[in-house]
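Every heavy atom of this structure was used, including side-chain atoms; hydrogens, water molecules and symmetry mates were not. Each residue takes its place number in the sequence, starting with 1.
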Amino acid sequence: MTHCTSSETMWAHTKLCMTFEELQDQLDQLEATCCVLDGSGTICFVNKAWRDFASSNGGDPSAYIGQNYLEVCNKVTSESESEQRAAQAVSEGIKRLLTGTFMQEFQFIYPCSSPSFTRECMLRAFPYQVKERPDTVVVLHDFIQIGDSE
């Protein structure tokens with residue numbers, strides 16, 4: 001993997017097969033927002049940074065659990081055609097991880113601005129073996145603030 005913090009490197013490269021609970025504990029230590037998908041793309045759990053991000057943006061921190069990440073990407077409607085294409089590319093990349101077409105990692109950078117500032121998101125997704133579900137994929141979102149919006 002590239003661009004990992006030391007805490008991400010610590011657990012992402014380990015060959016140990018963790019339980020969901022152990023993985024949740026590890027992901028909660030990261031600053032990046034993370035979610036864990038099962039083999040169908042359904043969100044099994046999200047980390048503390050994801051819950052905090054949702055809360056600080058007026059969302060329900062637990063509302064994503066049980067939703068299908070791929071379906072959410074496929075339903076993106078936006079005035080921006082580039083945002084729709086980005087969502088489709090993310091869906092396709094994660095789908096390839098889930099089916100084994102991509103064996104290592106999928107990365108994608110897309111705009112993710114808010115009314116108050118301009119930012120991009122670097123999405124990284126990779127397969128991760130969890131004892132309860134060997135077909136698990138971890139998705140990390142690193143937000144990069146570019147500047148204040150006018």
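- Nearest approach of Val139 to Ala125, heavy atoms of both residues: CG2-CB, 4.0 Å.
- Cys34 and Leu27 make their closest contact through SG-CD2, 4.1 Å (heavy atoms, listed as atom of the first residue, atom of the second, distance).
- With values rounded to the nearest 0.5 angstrom, Lys95 atom NZ is found 10.5 Å from Thr101 atom OG1.
- Rounding to the nearest 0.5 Å places CZ of Phe106 at 6.0 Å from CZ of Phe108.
- Counting all heavy atoms, side chain and backbone alike, Ala32 lies closest to Asp142 at CB-OD1, 2.9 Å.
- Residues Pro61 and Ala54 come closest through the heavy atom pair CA-CB, 3.9 Å.
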Checklist entry - Going through the checks in order, is the side chain to side chain contact (heavy atoms under 4.5 Å, CB included) test met by Arg96 and Glu92? => result CA-CA 6 Å; Arg96 287 181 173 182; Glu92 188 59 35; 3.6 Å; yes
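- Atom-to-atom distance recorded for Gln107:CD and Phe126:CZ is 10.5 Å, nearest 0.5 angstrom.
- Not a single side chain to side chain donor-acceptor pair (under 3.5 Å) links Asn57 to another residue, sequence neighbours left out.
- For the side-chain contact (heavy atoms from CB on, under 4.5 Å) test, residues two or more places apart in sequence or in another chain that qualify with Ser62 are Asp60.
- Here the CG-CD1 distance, from Asn68 to Ile43, works out to 8.0 Å after rounding to the nearest 0.5 Å.
- Annotation: the span from Arg51 atom CZ to Thr33 atom OG1 amounts to 11.5 Å, rounded to 0.5 Å.
- With sequence neighbours left out, the side-chain contact (heavy atoms from CB on, under 4.5 Å) criterion links Gln88 to Asn74.
- Residues satisfying the side-chain contact (heavy atoms from CB on, under 4.5 Å) test with Ser82, not counting sequence neighbours, are Ser80, Arg85.
- Sequence neighbours left out, the pairs with a member in residues 25-50 that pass ring-ring contact (aromatic ring centres under 6.0 Å, His included) are Phe20-Phe45, Trp50-Tyr64, Trp50-His141.
- Expressed to the nearest 0.5 Å, how far CG of Leu37 lies from OG1 of Thr42 amounts to 8.0 Å.
- Looking only at distances, no side-chain donor or acceptor of Asp38 sits under 3.5 Å from a matching main-chain atom of Cys44.
- Of the possible polar contacts, none joining the Ser91 side chain to the Ala87 backbone as a donor-acceptor pair under 3.5 Å is found.
- With hydrogens and angles left out, the side-chain atoms of Asp28 and Gln24 include a donor and acceptor closer than 3.5 Å.
- Applying the side chain to side chain donor-acceptor pair (under 3.5 Å) rule to Asp52 yields the partners Lys48; only residues at least two apart in sequence or on another chain are considered.
- Shown here for Val46 and Cys35, the closest heavy-atom pair between the two residues is CG1-CB, 3.8 Å.
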